[in-house]
Amino acid sequence: MALGKKKGGRKEPLFGLPAALADLRLTAADRIPNASDDKPKKAKAKRQSDDADDEPPRERKAPVSRSGAKRRSKSKIGFGIGRLVYWGAVLGLWGVIAVIGVVIWVGAHLPPIQSLEIPKRPPTIQIVGMDGSVLAQRGEMAGANVALKDLPPYLPKAFIAIEDRRFYSHFGIDPVGILRAAVTNVLHRGVSQGGSTLTQQLAKNLFLTQERTMQRKLQEAELAIWLERKHSKNEILELYLNRVYFGSGAYGVEAAAQKYFGKSARNVTVAEAAMLAGLVKSPSRLAPNRNPEGAEQRAQVVLAALAEAKFITEAQAQASIGHPSYNVKPAGAGTVNYVADWIGEVLDDLVGQIDQSITVETTIDPKLQSVAEAAIIDELAAKSVKFNVSQGALVAMTPDGAVRALVGGRNYSESQYNRAVTAKRQPGSSFKPFVYLTALEQGLTPDTIRQDAPIEVKGWKPENYTHEYFGAVTLTQALAMSLNTVAIRLGLEVGPKNVVRTAHRLGISSKLEPNASIALGTSEVSVVELVGAYAPFANGGLAVSPHVVTKIKTIEGGKLLYMRQGDERNQVIEPRYVAMMNTMMRETLISGTAKKAEIPGWMAAGKTGTSQDYRDAWFVGYTANLVTGVWLGNDDNSPTKKATGGGLPVEVWSRFMRTAHEGVPVASLPNSQVGWGLSNLAQAASQVSAPTQPAPVSNGGTRPPPTRANVRPEPAAGLDGWLMDRLFGGNR
């Protein structure tokens, strides 16, 4: 009983807080450990086991089925795809934003939107001769716009075939072409093919530079799309053909066809069209006037592309390859370009800044220009080595100053320095007419006697060319023989300042030093101004202004911008002095230093000139039709091998003038000898009757006065003989 009570004694039920705390027990783990608390591990394990027995049993989890695992795996996959779609959408959105940002940035660096219109062509200056033929062009040599419908159909197709086969199917940028070019370049391990469309090339040519940067390519693409939206395909193609560069300064198919084939783009053949299309790839390298072989090889590639695209037949391609009809203009010296350069220098004074293409009508005679060029080039080619002369210049003008021919050097392509207009050289004895004219205006006559003898001026001892002296000579004899001592005596007699005034009055614009040596032409002048200063002798004493431009008008519309008005006909030499000077300078060609310069059937006059140490050789001569001056020498001012004015310059002058006067009605120089003779009768008679003293020579003896061999003799019959000679040309 007692045992039963012990094992299964009665328990009273508990309620409330006691019931809640009935099962609460503390274990050793719940107590705070101390240093003396050192139980054996086995006992500890036993307690843990006992505690475990006191806890209620835990539920075991049921094993997961295979179908549930599959559902969970599918759920994870779905979640991954969703995240991928989400982040893809986010990245795509940011990509779109980035593209928009790039487009905005590129657009911000384009020209202002108001300037994004098809720009005007750079102004072209077309220079034509007096017969209307084109002499030269300046600027970018752009030809006139040619409508697409006016071109042969194979010409634009040649550009499409070689540059942009998909031109009519893309929107300004050709992704297919870009991909194809990229693959081709990878296969060839280099840039062998481009992906730019014709529209992109047009955008680059119109608005952008040629630099190869990513920014420029993006701008090019954006502008190409803009062009495609604003213009039709045919309009873009027409703009392209009229703006693309073809080398040698030619822009547009019309300018290129004229430059290389001498014909309009409307008339080019299939072979010529292929050559033009081939130039676009590398115009400077493939220009047919520089590299005809390279241009022809490239043209053959274009012909093959035309045939492949079915734009022409294989037979047409083979015929063009086998029998090319290229007629490329050869690049020559082009001395007419010296004229063009001179015109370029004066245009600003005539019409101001040029903002549109213009045509400049000139006084140049193309035939005479060719004759002048040949005379200079041929003479130098034959004798430049013998006389150590490397350059030459020629200016020919009418007596009223209209320049008919101008050569500024032997070869423009080698040197563009204009020796006819820009260069200034010592004229030597060709300056002496201004000294003699000053003397005549102070009362002397062509028959006035002066001594040809040694002279010294402040230690300076000038000599004659031959180192000979002829004693008493007339002014006519002295000028014809170009006696230096007489010229210096006359210069000192009339005053160097008066000589300078005379030269400036007649047209010399350069600064002249009024010293004793001015009589020998020691102050430098240009060829064109010296020739212009001789013109009054040929026109009766009227001042002229050398000129080459007669009219300027716009190419489009023909608006007149400038027309030359006639010069004021100021009388700078009295007619009687003109007659005297013509009489004296005619003698230079008859018996003086320019005897080779005679023109059959024509009355001509002039003066030779040779500067110190033979550095410059001149001859300026004239008829009633033309005044022409020739200079020969070296650019570095080095001495020639005794080249004189009576030698090479006279030969060049004669060759040019004889041709220039063929078929021209003969006319006489202004001549008032009768009036001059009567007004100076008494004075001249006394001078003629004066005895001529023999000139001393170095060996102490005497030299006879000049003879017919070197000077014109004085009249032998006194006053009557002199008068007959002046009136009727006796003893000529």
Side-chain angles (χ1 to χ4, degrees), residues 146 148 151-170 172-185 187-188 190-205 210 220 224 233-234 236-248 250-257 260-261 265 268-288 291-322 324-326 328:
V146 183
L148 195 64
L151 295 172
Y154 46 77
L155 178 57
K157 288 179 179 179
F159 289 85
I160 294 174
I162 196 64
E163 292 291 327
D164 189 0
R165 194 79 60 86
R166 290 169 41 83
F167 173 71
Y168 283 102
S169 60
H170 61 64
I173 302 172
D174 185 10
V176 176
I178 294 174
L179 180 61
R180 182 179 64 250
V183 172
T184 302
N185 294 337
L187 294 177
H188 289 83
V191 181
S192 63
Q193 190 177 111
S196 295
T197 64
L198 290 180
T199 314
Q200 287 178 270
Q201 294 180 39
L202 177 63
K204 177 179 66 176
N205 291 335
Q210 300 297 320
E220 177 185 296
K233 287 288 187 179
N234 284 344
I236 290 173
L237 183 57
E238 184 175 307
L239 279 170
Y240 176 85
L241 293 174
N242 284 293
R243 297 298 180 117
V244 70
Y245 183 56
F246 289 92
S248 298
Y251 285 78
V253 289
E254 180 65 18
Y260 299 129
F261 311 128
V268 296
T269 64
V270 174
E272 291 165 346
M275 176 175 283
L276 292 176
L279 292 178
V280 176
K281 179 181 180 181
S282 183
S284 297
R285 181 174 61 86
L286 295 175
N291 183 10
E293 294 81 9
E296 185 173 340
Q297 291 175 3
R298 177 65 176 168
Q300 292 178 7
V301 174
V302 177
L303 288 169
L306 276 166
E308 182 182 344
K310 307 300 181 183
F311 292 150
I312 62 174
T313 64
E314 288 288 347
Q316 286 178 299
Q318 291 300 321
S320 298
I321 292 175
S325 59
Y326 312 141
V328 179

Q. If you measure from CD on Q318 to CD on Q300, what distance do you get to the nearest 0.5 Å?
A. 9.5 Å
Q: Quick one: do R298 and K281 satisfy side chain to side chain contact (heavy atoms under 4.5 Å, CB included)? Show the steps, please.
A: CA-CA 9 Å; R298 177 65 176 168; K281 179 181 180 181; 3.6 Å; yes
Q) Within the side chain of K233, is there an N or O that forms a donor-acceptor pair under 3.5 Å with the backbone of F167? A) yes
Q. Which atom names give the shortest non-hydrogen contact between L241 and F246, and what distance separates them?
A. O-CE1, 4.3 Å
(Q) Rounded at 0.5 Å granularity, tell me how far CD1 in I236 sits from CG in L148. (A) 12.0 Å
Q: List in chain and number order the residues that pass side chain to side chain contact (heavy atoms under 4.5 Å, CB included) with A305, two or more places apart in sequence or in another chain; answer none if no residue qualifies.
A: A161, I162, R165
Q. Between R166 and I160, is a side chain to side chain contact (heavy atoms under 4.5 Å, CB included) present by the stated rule, with each step listed?
A. CA-CA 8 Å; R166 290 169 41 83; I160 294 174; over 6 Å; no
Q: Let me know which of L237, V268, V146 forms a side-chain contact (heavy atoms from CB on, under 4.5 Å) with L151.
A: V146
Q) Hey, does F261 have a side-chain heavy atom less than 4.5 Å from the side chain of T269? A) no
Q. Can you tell me how far the CG atom of L279 sits from the CZ atom of R285, to the nearest 0.5 Å?
A. 10.5 Å
Q.
Using 0.5 Å steps for rounding, measure from the CD atom of E272 to the OH atom of Y154.
A. 8.0 Å
(Q) Applying side chain to side chain contact (heavy atoms under 4.5 Å, CB included), can you list everything that pairs with P153, at least two apart in sequence or on another chain? (A) none
Q: Identify the heavy atoms of A317 and A307 that sit nearest to each other, and give their distance.
A: CB-CB, 4.1 Å
Q. Atom CD in E293, atom CD in E296: separation rounded to 0.5 Å?
A. 8.0 Å
Q) What heavy-atom pair brings A158 and A273 nearest, and what distance separates the two atoms? A) CB-O, 4.1 Å
**Q.** Note, I312 side chain near L303 side chain (heavy atom, < 4.5 Å)
**A.** yes
(Q) Using only atom types and a distance under 3.5 Å, with no angle test, would you say the side chain of D164 pairs donor to acceptor with the backbone of F159? (A) no
Q | Test side chain to side chain contact (heavy atoms under 4.5 Å, CB included) applied to Q201 - qualifying residues, sequence neighbours left out | A | E163, S196, L198, Y240, V280
Q. Closest heavy-atom contact between L155 and A265?
A. CD2-O, 4.0 Å
Q. Side chains of N242 and Y251: closer than 4.5 Å at any heavy-atom pair?
A. no
Q) Under the side-chain hydrogen bond (donor to acceptor under 3.5 Å, both in side chains) test, which residues partner N291, sequence neighbours left out? A) none
Q) Any idea which heavy atoms bring V302 and A277 closest together, and the distance? A) CG1-CB, 4.0 Å
Q. Under the side chain to side chain contact (heavy atoms under 4.5 Å, CB included) test, which residues partner A287, sequence neighbours left out?
A. S248, Y260, N289, R290
Q: Considering non-hydrogen atoms only, spot the tightest contact between Q200 and A224 and give its length.
A: CG-CB, 3.7 Å
Q) Sub-3.5 Å donor-acceptor pair from the side chain of Q297 to the main-chain atoms of G294, do we have one? A) no
